[in-house]
Amino acid sequence: MSGISSCYVVTGNLTQAGSVVYLRADETWATSLAEAHPLPTEEEAEERLARVRVHEEIVTEPYVFEAELSDGAIRPKSAREILRSAGPSTRLRRPDRGAATA
Amino acid sequence: MYRYDEYDRTLVRERAAQLRGQIARRVSGELTEDEFKPLRLQNGLYLQLHAYMLRIAIPYGMLASTQLRKLAHIARTYDRGYGHFTTRQNIQFNWPELEDVPNILDELADVEMHAIQTSGNCIRNITTDHLAGVARDELEDPRPFCEITRQWSTFHPEFAFLPRKFKIAFTAGREVDRAAMLYHDIGVRIVENAAGERGFSIYAGGGMGRTPVIAKEIREFVPREHLLSYMEAILRVYNRLGRRDNIFKARIKILVNETGIERFREMVEAEWQETRESTLRLAEGEIQEMAKFFAPPSYESLSPSDALLAELRRSPNADFARWARNNVVLHKQPGYSVAMLSLKASDTPPGDLSDSQMDAVADLADRYSFGELRVTHTQNLVLADVKTTELEKLWHELRALDLATANVGRLTDQICCPGLDFCNLANARSIPIAEEIRHRFDDLDYLDDLGDVSLKISGCINACGHHHVGNIGILGIDKRGIEHYQLLVGGSSGYDASIGKILGHAFPREEIVGAVEKVLKLYVRLRESEDEPFLDTFRRVGEKPFRDTLYSNELYADHPQS
Ligand code: SF4
């Protein structure tokens with residue numbers, strides 16, 4: 001069934017690499033928003049957040065943001081999260097040294 | 001240039017080693033982020049949107065070619081091949097990994113650089129006029145006093161945890177303030193009193209950010225030997241009374257405002273009685289010793305070259321002539337000129353320089369300018385001591401490096417903060433706005449016709465992009481998750497400081513550059529002559545015509561998407 005609904009995603013930055021990561025369903029971390037686990041309510045997201053927060057040596061300052069779920073695709077509601085997921089919209093001088101690993 | 005002594009060398013090495021240990025403990029989980037954050041911030045290490053960001057101090061904007069080469073190496077080895085020069089004359093790397101940071105600090109220590117006090121609630125990098133020592137209107141080179149202040153403020157035990165960050169700027173121009181001195185927590189202007197003695201006019205409580213304030217003169221004349229004792233007195237009063245309960249009210253500008261300048265002055269004067277005869281009193285010999293580090297380079301004895309420069313500015317090579325007009329400044333030493341390298345070329349974020357450009361500029365500094373260069377608070381570079389006869393040769397080399405854009409002081413010589421493309425605090429992007437402005441106004445004849453118009457862009461109210469003091473300022477705001485932009489008009493960062501005025505509601509992304517164009521068109525229509533600068537026209541006619549042009553229906557007719 002298609003349609004747009006709200007969802008919540010747990011995110012943070014890898015402590016060592018600094019890169020943006022998103023929480024998967026199995027509570028490992030993905031560097032791509034497409035792999036994030038969209039949670040239907042803020043309460044559920046906060047619950048997950050509390051569980052992963054104890055591992056701050058892996059991910060620093062995790063938090064929850066709100067997004068829209070449309071045909072399985074997650075689209076953040078804020079410009080900030082859109083840019084975090086897509087990377088800077090400006091031309092970088094050279095390509096990434098390699099994607100961060102979770 | 002100042003050279004480190006053994007004390008400086010030990011200090012930066014020890015700090016790098018200390019951070020290495022702290023990072024190891026953070027990665028092992030021994031330190032939480034709450035514990036680690038203040039430690040990393042003391043070393044200029046931020047966590048931004050996509051990665052860590054390391055801010056490296058460039059004291060009062062002075063760089064040796066060896067240091068720039070090292071920055072190129074760091075950009076190449078540990079980052080993504082570029083660095084970003086900031087409005088505080090520092091450089092930032094946007095992509096270091098945590099465990100590389102101590103290695104970067106070790107590498108920096110090799111060339112007498114560091115990241116100490118580039119963040120946190122302490123006294124930050126001392127800034128000054130990028131033409132220090134070479135400007136014709138300069139009373140005295142401010143750099144020895146900047147270095148004296150740097151040494152006093154580095155690891156000052158009393159001022160390591162101030163209510164909020166603290167910025168000090170020096171200026172010595174008789175006519176022009178090129179350091180935005182009046183927007184600093186303390187602004188120091190070198191002056192001469194009626195008796196012909198040199199000293200300082202001291203201003204306090206300036207700043208931008210959420211509450212922009214022009215600093216107020218706190219003492220008209222402080223004798224040279226009391227520079228530190230007087231600043232110590234100001235800092236002590238601020239440290240004691242500054243608001244620690246509310247981050248938005250913690251800067252000295254709020255204290256000065258709430259106390260009133262008279263009462264604040266009384267408190268500082270009382271405190272000064274405690275500090276003025278202390279060890280902080282500077283002996284003239286100490287000042288002279290420090291001044292030796294900033295002695296003029298070994299200039300050749302050349303004939304005056306003003307006439308030659310005037311000729312170059314009319315050269316049949318129109319591109320070079322324009323560059324000589326816009327990017328070359330008269331030097332006080334006969335036969336020499338100051339060359340400004342614009343970091344506002346097309347398609348690169350303002351203030352960015354690639355690793356290969358850094359290496360090449362370091363070579364140019366060696367060959368043309370005694371191995372030194374400077375960073376401006378407007379995010380450009382300066383080769384301060386170039387023989388006028390060599391300008392054209394230099395221009396050819398700069399052009400090959402895409403560093404000869406002839407727009408210094410022009411509209412497209414924009415100050416622009418990293419904004420939402422990088423910054424954790426941002427509300428909106430600023431770099432794409434700067435890019436769009438550069439593309440919309442890419443006709444250099446038109447820019448020359450407009451004359452000097454400063455345009456400054458910040459991605460949030462913190463105002464790192466100095467939007468309050470641009471003749472035209474742009475401030476990014478967030479309206480329900482969508483980027484919008486406020487337009488400000490009439491700001492100035494000079495001795496005639498004024499804060500730009502917001503004339504109406506914010507514009508959506510797709511309309512802000514059109515709004516800038518409206519303002520410029522109106523200016524061209526209203527100016528009394530081609531020689532009347534934008535700011536003078538705005539001050540003469542007032543804000544109403546600008547408001548009308550921005551917010552009349554005509555604008556919306558031009559922009560149907562609104
Ligand atoms: S002005 Fe705001 S968005 Fe720009 S760099 Fe400063 S804090 Fe970041």
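Chain naming here is simple, since letters A, B, ... match the order of the sequence lines and numbering starts at 1 in each.
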S.K.: Under 3.5 Å, is there a donor-acceptor pair between the side chain of B:E99 and the main chain of A:Q16?
M.R.: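 The answer is no, because no donor-acceptor pair under 3.5 Å joins these two groups.
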
S.K.: Check A:P88 against B:F422 and note the closest heavy-atom contact, atom names and distance.
M.R.: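 So the minimum-distance heavy-atom pair works out to CG-CE2, 3.7 Å.
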
S.K.: So which residue, A:G87, A:S78, A:A86, A:S89, ends up with the most heavy-atom pairs under 4.5 Å with chain B?
M.R.: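 Result: the option with the highest number of such pairs is A:S89.
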
S.K.: Taking all non-hydrogen atoms of both residues into account, name the closest pair between B:A51 and A:N13 and its distance.
M.R.: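 In this case the closest contact between B:A51 and A:N13 is N-ND2, 4.2 Å.
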
S.K.: Verify the neighbour count for atom NZ of B:K37: are there more than 12 heavy atoms of other residues, nucleotides or ligands below 6.0 Å?
M.R.: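 Counting neighbours around NZ of B:K37, 12 or fewer heavy atoms of other residues, nucleotides or ligands fall under 6.0 Å, so no.
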
S.K.: Does some side-chain heavy atom of B:D421 sit less than 4.5 Å from a side-chain heavy atom of A:L83?
M.R.: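 A side-chain contact under 4.5 Å exists here.
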
S.K.: With respect to chain B, which residue among A:E56, A:K77, A:E81, A:E61 yields the maximal number of heavy-atom pairs within a distance under 4.5 Å?
M.R.: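 Heavy-atom pairs under 4.5 Å are most numerous for A:E56.
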
S.K.: At what distance, to the nearest 0.5 angstrom, does OG1 of A:T90 lie from CZ of B:R429?
M.R.: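 Here the interatomic distance stands at 9.5 Å.
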
S.K.: Among B:N427, B:V27, B:D34, B:L420, which residue has the highest count of heavy-atom pairs closer than 4.5 Å to chain A?
M.R.: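 Max contact count across the listed options: B:L420.
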
S.K.: Given that the side chain runs from C-beta out, which part of B:R26 has a heavy atom under 4.5 Å from chain A: side chain, backbone, both or neither?
M.R.: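 Both parts, backbone and side chain.
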
S.K.: Counting heavy-atom pairs under 4.5 Å with chain A, which one of B:D347, B:I482, B:I23, B:T32 comes out on top?
M.R.: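 The option with the most such pairs is B:D347.
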
S.K.: I need the minimum non-hydrogen distance between A:T60 and B:Y52, along with the two atoms involved.
M.R.: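 Minimum heavy-atom separation between A:T60 and B:Y52: OG1-OH, 4.4 Å.
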
S.K.: Would you say that more than 12 heavy atoms from the other residues, nucleotides or ligands in this model lie under 6.0 Å from the CZ of A:R51, or not?
M.R.: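 Atom CZ in A:R51 is packed in, count exceeds 12.
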
S.K.: For B:N94, is it the side chain, the backbone, both or neither that has a heavy atom under 4.5 Å from a heavy atom of chain A?
M.R.: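 For B:N94, neither part sits under 4.5 Å from chain A.
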
S.K.: Does a side-chain heavy-atom distance below 4.5 Å link B:L31 with A:E57?
M.R.: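 Answer no - side chains too far apart.
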
S.K.: Would you mind checking which part of B:E30 comes under 4.5 Å of any heavy atom in chain A, side chain (CB onward), backbone (N, CA, C, O), both or neither?
M.R.: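 It is neither, since no heavy atom gets under 4.5 Å.
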
S.K.: Any heavy-atom pair between the side chains of A:R80 and B:D478 that's under 4.5 Å?
M.R.: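 No. Closest side-chain heavy atoms not under 4.5 Å.
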
